[in-house]
Peer 1: 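Below is one structure. I have some questions about it.
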Amino acid sequence: MSDTSLHSRQSLRKALRQARRALSEHEQEKAARALQQQLSRYLPANTKQLAGYLASDGEIDLSPTLSWCHEHGISTSLPVIHPFTGKHLLFQRFSNHTVMTTNKFGIEEPALDSTAIVELSKHDCLLMPLVGFDAQGNRLGMGGGFYDRTLAPLQQLHKCETRPVLIGVAHDCQQVSALPVEPWDIPLDVIITPTQRIEL
Ligand SMILES: Nc1ncnc2c1ncn2[C@@H]1O[C@H](COP(=O)(O)OP(=O)(O)OP(=O)(O)O)[C@@H](O)[C@H]1O
Ligand SMILES: [Mg+2]
C-alpha cells in the first residue's frame, strides 16, 4: 500500500484495518497456514513458552500455529486485559481446555485465573498482532497502547538479562514504507508474514 498520502496514525490504522478485513476467508486460511510454516522454521530454537493471541478484525489467524505449538510441546499463553489497571496485559496459560470469556472489546480471552498467569519474563517469544509495520521494525497496533505499556519494563533490562523475543506477525498487505513512531512505541525484534522474515 502507498503511504505517501496517509499522514496520521489514525488514518493509517483505518486503511490498514480495512485492507486486512477485506481478505477473503480462503486468503485468511492460506495466510494462517503459511504463517504457521514460517514460524515453525523461524521460532528461536528451544522455545518452550510462547504468547499468541486470538485473531479478530482480520488479524492473521494463529490457530494453526497454536495447534502446532501444542503438538510440539510448546506451552502457549494468551493476553488478558489486566483486571485492575484495565490498560495492561497479563498473559495466561492456554490449552484446548481453557475456559474462555469475551472482553470489553469483544475479543475472546481466558477467564481470569491467577494460578494460570505466566509472567512476561517466563516467555521465550511473544507473537504480537500488527495493524501496520515497516521494514525498520516499527509497529502500529490498534491504538490502545496495551502492548507498549505492558512491554515498557523490558526497556529497562540490561542486555544480559533474558527477555522474550518480540515477534510481530501480520499479513503482507499491512506493510508500509515508513511508520510514524512515538517515543513510547516498543520496537520489534523480528517480523514474520506469510512470505517474509524481517530480522531487525
Ligand atoms: N509505556 C506507556 N505508559 C503510558 N502510556 C502509554 C505507554 N505506551 C503507550 N501509552 C499510551 O497509549 C496510547 C496509544 O499508544 P499507541 O498509539 O502507540 O498504541 P498502539 O501501539 O497502536 O497500541 P498497542 O500497544 O495496544 O498495540 C498513547 O496515547 C500513549 O500515550
Ligand atoms: Mg504503539
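Every number for a ligand or one of its atoms is a count from 1 in the order of the listing. These numbers were taken from a predicted model, which means no experiment stands behind them.
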Peer 1: Between Lys30 and Glu27, does any NZ, NE, NH1 or NH2 come within less than 4.0 Å of an OD or OE carboxylate oxygen?
Peer 2: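 Judged by the 4.0 Å cut-off on N to carboxylate O distance, Glu27 and Lys30 do not form a salt bridge.
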Peer 1: Does the residue Arg13 have a heavy-atom contact with ligand 1, meaning some pair of atoms that are separated by less than 4.0 Å?
Peer 2: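 Right, Arg13 reaches ligand 1.
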Peer 1: Can you find an N/O atom of Leu140 closer than 3.5 Å to an N/O atom of ligand 1?
Peer 2: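 No, Leu140 has no N/O under 3.5 Å of an N/O on ligand 1.
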Peer 1: Quick check on Met128 - does any of its heavy atoms sit under 4.0 Å from an atom of ligand 1?
Peer 2: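 Met128: no contact with ligand 1 (<4.0 Å).
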Peer 1: Taking 4.0 angstrom as the limit and counting only heavy atoms of Ala152, give me the atoms of ligand 1 inside it, by number and element.
Peer 2: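 Matching atoms, with element in brackets: 1 (N).
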Peer 1: Just checking, Arg139 and Phe133: is the charged tip under 6.0 Å from the six-membered ring centre and within 45° of the axis?
Peer 2: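 Cation-pi check for Arg139 and Phe133: fails.
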Peer 1: Under a 4.0 angstrom heavy-atom cut-off, which atoms of ligand 1 come close to Arg9?
Peer 2: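 Counting from 1, the qualifying ligand atoms are 16 (P), 17 (O), 18 (O).
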Peer 1: Could you identify the single nearest non-hydrogen protein atom to atom 19 (O) of ligand 1 and state the distance to 0.1 Å?
Peer 2: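 In this structure, atom 19 (O) of ligand 1 has Gly145 N, 3.3 Å as its nearest protein heavy atom.
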Peer 1: Counting backbone and side chain alike, does Asp185 bring an N/O/S atom below 2.8 Å of the Mg ion (ligand 2)?
Peer 2: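 Short answer: yes, at least one N, O or S atom is under the cut-off.
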Peer 1: Out of Phe146, Tyr147, Trp184, who is nearest to atom 9 (C) of ligand 1 when you count heavy atoms only?
Peer 2: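 Heavy atom nearest to atom 9 (C) of ligand 1 belongs to Trp184.
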Peer 1: Looking at ligand 1, does Glu182 have a heavy atom less than 4.0 Å from it?
Peer 2: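 Flag not set, Glu182 not near ligand 1.
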Peer 1: On the 0 to 90° scale, with breaks at 30° and 60°, tag the Phe94-His70 ring pair as parallel, tilted or perpendicular.
Peer 2: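 Ring orientation, 0 to 90° scale: tilted.
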Peer 1: Which protein heavy atom lies closest to atom 2 (C) of ligand 1, and at what distance to 0.1 Å?
Peer 2: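 Scanning the protein heavy atoms, the shortest distance from atom 2 (C) of ligand 1 goes to Arg149 CG, 3.5 Å.
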Peer 1: Taking the six-membered ring for Trp, are Tyr147 and Phe91 parallel (under 30°), tilted (30 to 60°) or perpendicular (over 60°)?
Peer 2: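 Tyr147 vs Phe91 ring planes: tilted.
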Peer 1: Run the numbers for me: atoms of ligand 1, each under 4.0 Å from some heavy atom of Gly143, listed by number.
Peer 2: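 Taking each heavy atom of Gly143 in turn, ligand 1 has 14 (C), 19 (O), 20 (P), 22 (O), 23 (O) under 4.0 Å.
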